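As structure tokens, the structure follows; a few thoughts come after it.
By convention in this document, chain letters (A, B, ...) are assigned in the order of the sequence lines, proteins followed by strands, and residues within each chain are numbered from 1. This is a predicted model, so every value here is computed, not measured.
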Protein chains: 2
Amino acid sequence: MSRITIKDIGKLVGVSPSTVSRALHDHPDISAELKLKIQSVATEMNFIPNATAINLRSKKSMIIGLIIPKLSMYFIPSLIEGISNELNKKNYKLMVLSSDESIEKEIQNIKICCDSNVDGILISLTNKTNHLDHFSPAFNHGIPIVLIDKTIHQDQIDEVIIDDFAASKNCAEYLLNKNCKNILGIFGDANMSITIDRLKGFEATLAKDKGIQYKIIFAENSEIASEKSLIELTSNKDLDGIFMMSDEIMVGVNKSLYEFEQKNKSKTAIKKIAISDGQLPQFMTPNISYLHHSGFELGKLAVAVLYDNFSPNTKTTLKRHYLSTALLEF
Amino acid sequence: MSRITIKDIGKLVGVSPSTVSRALHDHPDISAELKLKIQSVATEMNFIPNATAINLRSKKSMIIGLIIPKLSMYFIPSLIEGISNELNKKNYKLMVLSSDESIEKEIQNIKICCDSNVDGILISLTNKTNHLDHFSPAFNHGIPIVLIDKTIHQDQIDEVIIDDFAASKNCAEYLLNKNCKNILGIFGDANMSITIDRLKGFEATLAKDKGIQYKIIFAENSEIASEKSLIELTSNKDLDGIFMMSDEIMVGVNKSLYEFEQKNKSKTAIKKIAISDGQLPQFMTPNISYLHHSGFELGKLAVAVLYDNFSPNTKTTLKRHYLSTALLEF
DNA sequence: CTGTTAGCGCGTTCAC
DNA sequence: GTGAACGCGCTAACAG
């Protein structure tokens, strides 16, 4: 089932391969009738130009590598969708690689991207990554890179993020405005840049007000978030506000809140706010207000920044790109 | 920043490109010391073999195209993870394309796969697809195809699915065993093969018992599932069992159950069962029992079947492959 | 043991 | 207007 080539078409029409190539590219030198003839034969024979051969010549692959820390159901799908949408507009294809929260796999994935000749790399780091030394293969080959969401702040590579400090500050202020006096903040893995930044924004806001009590806990996943928050709910009767750093944490906390209410046969008046992609909060029981952190939009922005990197001459110098967020109340 | 080639290495070491190629591939003809020499120079210069050139020669791309109906947060991430895991073992790369529930995009995605020279296509159909005519480009080029989960039953292409009929039958029996007499079944888009099959299994089981009342409703997403199920809960006081076809529906129903209980200040004794990937049921309030439909395992199986298609001679003849499921009670 | 040659499919010179 | 020749980087057949 070997594929049709321009040589085959040329033989059939009685012209050389180069003429076929030109006709198919609407080259002005070719007569209109010959063009039509060749093009009709090409479509008739289901001719598909061999992308590999074109890539070899042009030294481009039209493939963008996306490396994500893990294929979680939170945030990642909408991020991929945003990226995919934007890439398709310019005929780029998306290669998805998961690091499964392992640095070894992250290193491996960067190598795979280089091996595969990707034209650019979009990457969100694992929760264990704390330097970018392993990016050197990509640097060596001059492959443009954009860091997304889970990044490390530095001055070499573009970052596309939300203003994590401001986001958690907003959330903390929301709770303060609701008159909360005793607040619990639940964060993800303490090594991640987004955790650190969100933690800073949260603490900076609450520490200013001496009348406020607050506590910080960390939870790597929904399960742990559920367990730990239930302990807090049970032991701290004055708790009146909860901040949840992510959807994953929110899902766990939602469960413990329910269990707590069941056990105590009373409805709590605890105010809740989460940073979320926005799919799940409306299905929490009851609904949870959230600061919208759109994976879709972040993905689109990341691709735009990557495109910007393709033309280094006109390239914007700004290295850190912030996506705007909005607080939605329910 | 043009990349190092075997020609460059050859020039440096003083041998021909083919000798370099052989040394790098550990060809027996090359002397041990020359091999070592060449290999050390190669690594020193950060040589990476050009995959595009290799692909052109070998007529393989080592890329598998995955076409999904939509990048939803339900089921799809774990499906991709299973696929990705399995592909990596044999150095295949994954290209992800979303049809966004549009047939036009599905057609387009199949073309993209052909254009990109993928070595195989894994595809889960949109909820509007009801024939496979648009697969012809892939057929013409002899690209192996495997249908996953959302399929159309036919005899040409391998399908990798769960036994949807048996799955919903199991669920219906679970509710019967719990002594439910008045059951609500909530299903997804009525056009999908999985909806039809699950509906059949559900009805076949319940229709047998004349003492059982049941009702079927359809909901395209969580929101609609929530609205419609709340109406049923409110209007039917005798409802004592609910079957939910998917995670997406479960999330919506969970919310309406909560709202119903809040409004009526009483805990319902409604038994619940869902077909689920298993991530969310444990965080529903209260937990929901489920029939485990593993996206991860389905993905792995799909890749295995695809690999099987690579060697048509030894190929297993079975066209429909079922992943086993298990009912987990909480 | 190693070098030369040829060709994978395409686009782009450079001739005519 | 069109064809011939070349090269993208690599490997395999052939030659010595």
Side-chain angles (χ1 to χ4, degrees), chain A residues 1-39 41-42 45-63 91 114-119 140-143, chain B residues 1-39 41-42 45-63 91 114-119 141-142:
Chain A
M1 200 75 63
S2 69
R3 288 173 32 159
I4 307 298
T5 70
I6 52 171
K7 212 157 84 182
D8 299 327
I9 298 177
K11 214 172 287 173
L12 210 91
V13 180
V15 295
S16 77
S18 43
T19 304
V20 176
S21 171
R22 281 185 280 237
L24 260 27
H25 287 94
D26 207 32
H27 191 100
D29 276 0
I30 308 289
S31 70
E33 47 179 344
L34 185 54
K35 261 184 211 165
L36 228 66
K37 168 84 180 165
I38 290 175
Q39 281 162 359
V41 170
M45 299 180 77
N46 294 315
F47 171 71
I48 292 184
N50 186 320
T52 312
I54 295 172
N55 293 344
L56 181 59
R57 267 202 114 256
S58 65
K59 302 196 177 194
K60 298 210 300 175
S61 66
M62 297 306 283
I63 295 177
N91 281 317
C114 295
D115 287 358
S116 306
N117 262 325
V118 298
D119 291 339
N140 289 339
H141 294 286
I143 302 174
Chain B
M1 199 76 62
S2 69
R3 288 171 33 158
I4 307 298
T5 70
I6 52 170
K7 211 157 83 182
D8 299 328
I9 298 176
K11 213 173 288 174
L12 211 90
V13 180
V15 295
S16 77
S18 46
T19 304
V20 176
S21 172
R22 283 186 278 236
L24 262 25
H25 285 98
D26 206 32
H27 191 100
D29 278 0
I30 308 289
S31 72
E33 49 181 341
L34 185 54
K35 261 183 209 165
L36 228 66
K37 169 82 179 168
I38 289 175
Q39 281 162 359
V41 170
M45 298 180 78
N46 295 315
F47 169 73
I48 292 184
N50 187 321
T52 310
I54 296 172
N55 293 344
L56 181 60
R57 266 204 117 258
S58 65
K59 302 197 176 191
K60 300 208 301 174
S61 66
M62 298 306 285
I63 295 177
N91 283 316
C114 295
D115 288 356
S116 306
N117 260 325
V118 298
D119 291 339
H141 294 287

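- Between S31(B) and the phosphate of dC1(C), there is no side-chain N or O to OP1/OP2 separation shorter than 4.0 Å.
- Between the CG atom of D119(B) and the OG atom of S58(B) there is a distance of 8.0 Å, given to the nearest 0.5 Å.
- In this structure D29(B) satisfies the salt bridge (charged side-chain N to carboxylate O under 4.0 Å, His left out) test with no other residue, sequence neighbours excluded.
- S21(A) has a side-chain polar atom (N or O) that falls below the 4.0 Å cut-off from OP1 or OP2 of dG11(C).
- Rounding to whole angstrom units, CG of residue N50(B) and C1' of dG7(D) are separated by 13 Å.
- dC10(C) atom C1' lies 15 Å from atom CG of N55(B), rounded to whole Å.
- In this structure, S116(A) and A51(B) approach most closely via the heavy-atom pair CA-CB, 4.3 Å.
- Atom CG of L56(A) is separated from atom P of dT12(C) by 14 Å (rounded to the nearest Å).
- Inter-residue side-chain proximity for I63(B) and I63(A) is flagged as met; some heavy-atom pair is nearer than 4.5 Å.
- Taking atom CD1 of residue I38(B) and atom P of nucleotide dC10(D), one finds them 13 Å apart after rounding to whole Å.
- For DNA chain C, the neighbouring residues in residues 5-17 of chain B, judged by any heavy atom under 4.0 Å, are G14(B), V15(B), S16(B).
- Going from atom SG of C114(B) over to atom CG of N46(A) covers 9.5 Å, rounded to the nearest 0.5 Å.
- Mapping T19(A) and I48(B) onto DNA chain D via the closest heavy atom, the residue that lands nearer the 5' end is T19(A).
- A rotation axis mapping the C1' atoms of four pairs onto the next four is fitted at both ends of the helix from dC1(C)-dG16(D) to dC16(C)-dG1(D) over five pairs, and the angle between these axes is 60° to 10 degrees.
- Atom-to-atom, NE2 of H27(A) to C1' of dC10(C) comes out at 15 Å; the value is rounded to the nearest Å.
- Proximity of K35(A) to the phosphate of dG1(D): no side-chain N or O atom is located under 4.0 Å from OP1 or OP2.
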Could you pull out every donor-acceptor pair under 3.5 Å between side chains of residues 31-38 of chain A and any protein atom, sequence neighbours left out?
| unit_1 | atom_1 | unit_2 | atom_2 | d |
| --- | --- | --- | --- | --- |
| S31(A) | OG | L34(A) | N | 3.4 |
| K35(A) | NZ | D26(A) | OD1 | 3.3 |
| K35(A) | NZ | H27(A) | O | 3.1 |

Let me check something: any side-chain donor-acceptor pairs from residues 6-15 of chain A under 3.5 Å, sequence neighbours excluded? List them with distances.
| unit_1 | atom_1 | unit_2 | atom_2 | d |
| --- | --- | --- | --- | --- |
| D8(A) | OD2 | T5(A) | N | 2.9 |
| D8(A) | OD2 | T5(A) | OG1 | 3.4 |

Write out a two-atom table: protein N or O, nucleotide N or O from nucleotides 13-16 of chain D, distance below 3.5 Å.
| unit_1 | atom_1 | unit_2 | atom_2 | d |
| --- | --- | --- | --- | --- |
| dA13(D) | N6 | R22(B) | NH1 | 3.3 |

